[in-house]
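Some notes on the structure that comes next.
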There are 2 protein chains.
Amino acid sequence: MKRKVTLKQIAKELDVSISTVSKALRNSVEISEDTRQKVQAFAKLYNYRPNNIALSLKNRKTKTIGIIIPEIVHHFFSKVITGIELVANKRGYNVIVGLSNESFDKEVINMQMLANGSIDGFILSIAKETLQQQDYHHFTETINQGMPIVMFDRVINEIPCDKVIVDDIKGAKLAVEKLIGNGCKNIAIITTKDYISVGKLRTQGYLEALEDHKMSPKSSLILKVDDKLLSENHLDELEKEIEQLFKSNKNIDGVFAVNELYAVTAMKVARKLDLEIPEALQVISFTDGVLSKHSTPSLTTVSQHGQKIGEKAADLLINRLELDDTDEAEEDHYETVVIETELIERESTK
Amino acid sequence: MKRKVTLKQIAKELDVSISTVSKALRNSVEISEDTRQKVQAFAKLYNYRPNNIALSLKNRKTKTIGIIIPEIVHHFFSKVITGIELVANKRGYNVIVGLSNESFDKEVINMQMLANGSIDGFILSIAKETLQQQDYHHFTETINQGMPIVMFDRVINEIPCDKVIVDDIKGAKLAVEKLIGNGCKNIAIITTKDYISVGKLRTQGYLEALEDHKMSPKSSLILKVDDKLLSENHLDELEKEIEQLFKSNKNIDGVFAVNELYAVTAMKVARKLDLEIPEALQVISFTDGVLSKHSTPSLTTVSQHGQKIGEKAADLLINRLELDDTDEAEEDHYETVVIETELIERESTK
DNA sequence: TTTCAACACGAAAACGTTTGCGTTGCCCAA
DNA sequence: TTGGGCAACGCAAACGTTTTCGTGTTGAAA
């Protein structure tokens with residue numbers, strides 16, 4: 001087992017100084033052609049690579065991005081990571097991942113672990129618990145210490161940082177308008193309680209679409225499901241609530257669900273009640289994940305382009321990191337990029 | 001914007017030496033109660049945290065684990081990461097992720113980027129391209145440099161390292177035996193070409209199960225799908241192949257699929273052909289992902305316990321890392337842990 | 001008064017780099 | 001012979017820690 005070779009060892013072996021070795025490897029003009037070749041040959045032979053940690057310490061930058069997300073077993077978030085990793089790697093950066101599990105404490109701890117020199121900047125999406133408690137001191141402190149943050153999807157407007165979001169309102173409107181265009185007269189929405197920001201926004205889009213088409217929303221058609229039912233363990237309760245919705249509103253001919261799970265569950269219930277999809281009932285969901293594609297019938301969805309979000313976020317962060325060095329001018333000008341949603345039509349609509 | 005405070009700055013401010021500050025913060029007995037309190041108060045006020053990079057350089061360990069996986073938008077892999085992150089964090093480690101995208105080159109480059117001091121050890125699952133080319137020099141070189149590796153799921157027996165795998169043969173046997181126990185007489189398998197190791201093993205389990213029950217396998221019931229059809233873009237081809245299988249073997253009453261996608265597609269085709277599930281046809285798949293749970297009917301699956309795999313892999317790696325310091329005895333004794341599969345029964349079987 | 005321990009602290013090395021600057025040795029021109 | 005100039009290399013600092021080994025001061029014992 002031969003440990004990694006260092007400049008010092010090469011220097012000793014070739015009986016020159018450390019600086020000579022370093023300069024020879026970086027093709028400095030100060031070094032004679034002769035020794036340069038000798039050093040480079042030796043380095044190649046022993047497969048020398050500069051130690052990243054030492055470089056990080058010297059340059060005071062790690063070329064590493066920290067990602068903090070609520071969970072990773074989730075189509076959207078893993079797509080975002082894919083996007084981040086793609087451009088990060090292309091631009092010479094590594095990616096280090098922390099999971100908050102939707103917990104405030106874990107979010108804070110994870111950020112502290114990474115903020116002490118391990119990374120140059122954060123890309124994150126805020127935990128639900130943090131959103132509820134509205135305690136954002138860890139974000140502002142991090143930023144105050146000169147470490148830039150890029151937030152995506154779940155963001156806080158008041159925090160001074162770059163942001164990448166999808167236009168939830170517009171996306172929802174798009175979906176509902178599709179249903180209206182397809183002839184639906186009684187469109188229900190299955191959404192979350194209002195404290196989930198994206199749920200609220202998508203509900204708003206639903207309402208605006210109805211309004212724009214002179215259709216008055218009926219409260220009986222708005223089902224606000226408790227967020228807890230999103231966990232896999234309460235599927236039956238979710239089914240019951242949806243069944244109740246369908247049974248007490250026999251005239252429903254369109255459903256807009258704010259996520260895949262609500263949508264497939266709605267389709268399941270519909271099948272049970274012998275409602276033909278898309279003939280008698282059309283369904284559209286937000287979030288284009290793996291379920292939508294492979295459910296029967298396959299789901300028409302509003303795609304958020306998670307990978308694009310990740311790519312954009314990484315570009316924003318790295319741009320800021322590499323700008324900080326020279327130009328301090330742009331210091332306090334932050335961007336909010338909106339990634340357009342796209343309606344992907346499948347079998348659940350006409 | 002106040003930059004992160006260092007020992008040096010504290011020392012200067014309090015007019016003591018750097019060493020005194022360091023010792024005071026670590027509660028050394030060499031320091032008087034008086035100055036200790038002063039230093040600690042000051043440090044707390046300015047929210048001092050030791051710089052991780054400097055510590056890494058000094059201690060020659062980063063307390064960071066590198067993960068290299070083929071892709072992250074995949075239920076199994078993200079579950080594994082969840083497990084790794086869980087125990088890594090608990091034991092004071094961070095996790096840095098690299099994606100190979102099933103490409104040999106990206107796998108090599110990613111490992112090189114991380115092996116230069118950024119991490120203490122690897123947890124990885126090998127890219128398909130690497131498996132085909134059978135070029136494993138980057139693994140052996142890494143290990144030779146004293147950096148331990150733990151492989152999971154897709155492993156190479158010849159490489160000297162710890163491994164965490166599932167018993168694919170046994171899991172497949174379990175599934176097929178369930179079908180046999182449920183009265184199936186003509187069980188088909190939808191699997192991959194043999195160069196995919198897990199596909200091969202699962203096929204082997206299928207054959208063994210039949211054999212054990214004196215049922216002779218029929219080649220017409222074995223569908224080896226080209227791996228490329230796993231990509232989302234070739235769903236229709238996949239459907240056609242399966243439809244062909246069903247049509248030319250009208251007596252099929254059980255299907256074992258080596259992954260979720262094959263299984264849900266098979267169910268889709270069955271529905272088209274008016275085969276009732278589970279009455280006329282029972283289906284079991286390998287890999288318990290999100291599709292199985294939410295398909296209609298929901299799928300009986302063989303769960304691999306991805307999270308447990310991740311947890312075990314992380315424990316193995318960290319154990320070895322923390323053992324290396326003191327005990328060099330266990331150097332060349334490597335473990336292969338088999339995580340038991342579990343049959344999760346749902347609606348697609350009787 | 002001398003001596004010696006205990007106490008409280010500082011200097012310096014080390015981890016592995018990069019880089020500005022100083023220091024040789026040599027050649028050539030004056 | 002002297003001096004200037006250049007080529008080729010080494011020294012040392014710096015990044016932020018921790019830790020070993022001094023070193024100076026004090027107090028008490030001899």
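Proteins get letters first, then strands, A, B, ... in listed order; numbering begins at 1 in each. Note that this is a predicted model, so its numbers are computed, not measured.
A salt bridge links B/E33 to B/R36: one of the charged nitrogens lies within less than 4.0 Å of a carboxylate oxygen. With respect to the salt-bridge test (charged N to carboxylate O, under 4.0 angstrom), the residues A/R154 and A/E102 qualify.
A side-chain contact (heavy atoms from CB on, under 4.5 Å) with B/I53 is found for exactly one of A/L57, A/N59, A/N52, A/I119, namely A/L57.
Taking only side-chain nitrogens and oxygens, A/R60 comes nearer than 4.0 Å to OP1 or OP2 of D/dG16. Considering only side-chain N and O atoms, A/K8 lies under 4.0 angstrom from the phosphate OP1 or OP2 of C/dC15.
Judged by distance alone, the side chain of A/K4 and the main-chain N or O of B/N116 form no donor-acceptor pair under 3.5 Å. Between the B/D135 side chain and the B/H137 main chain, a donor and an acceptor come within less than 3.5 Å of each other. Between the side chain of B/S78 and the backbone N or O of B/H74, at least one donor-acceptor pair lies under 3.5 Å.
Checking C/dG16, D/dC11, D/dT18 against every side-chain atom of B/I18, the shortest atom distance belongs to D/dT18. With C/dG16, D/dC9, C/dA11 as the choices, the nucleotide that has an atom nearest any side-chain atom of B/S17 turns out to be C/dA11. Out of C/dC9, C/dC15, D/dT18, the shortest distance to the side chain of B/L55 is found at D/dT18. For A/Y48, the listed nucleotide lying nearest its side chain is C/dT17; candidates were D/dT18, C/dT17, C/dC9.
Look at CG on A/L57: it is 13 Å from C1' on D/dA13, rounded to the nearest Å. Rounding to whole angstrom units, NZ of residue B/K4 and C1' of D/dC15 are separated by 16 Å. Here C/dA8 presents its P atom at 17 Å from CG of B/L14, a figure rounded to the nearest Å. Rounded to whole Å, the distance from NZ on A/K63 to P on C/dT17 is 18 Å. Separating the CG atom of A/N51 from the C1' atom of C/dC15 is a distance of 9 Å, rounded to the nearest angstrom. Put simply, CG on B/N59 is 12 Å from P on D/dT17, counting in whole angstrom units. Spacing between atom CD of B/Q9 and atom P of D/dG16 amounts to 8 Å, rounded to whole angstrom units. Following rounding to the nearest Å, A/K12 (NZ) and C/dG16 (P) show an atom-to-atom distance of 13 Å.
If you check every strand for non-hydrogen atoms under 4.0 Å, B/T35 touches sugar and phosphate atoms only. Across all strands shown, A/R36 has no heavy atoms under 4.0 Å from either base or sugar-phosphate atoms.
In this model, a side-chain donor or acceptor of B/S19 finds a partner on the base of C/dA11 within 3.5 Å.
Listed in residue order, the members of residues 22-34 of chain B having a heavy atom less than 4.0 Å from DNA chain D are B/S22, B/K23, B/R26, B/E30.
The side-chain heavy atoms of B/F76 and B/V80, taken from C-beta on, include a pair separated by under 4.5 Å. Taking the side chain as every heavy atom from C-beta outward, B/T62 and B/S118 never approach each other to under 4.5 Å. Under the 4.5 Å side-chain criterion, counting only non-hydrogen atoms from C-beta, A/Q9 is not in contact with A/Y48.
In summary, the side chains of B/Q145 and B/E141 do not present any donor paired with an acceptor at a separation below 3.5 Å, with no hydrogens or angles considered.
The overall bend of the helix from C/dT1-D/dA30 to C/dA30-D/dT1, read as the angle between its terminal helix axes built from five base pairs each, is 100° when rounded to 10 degrees.
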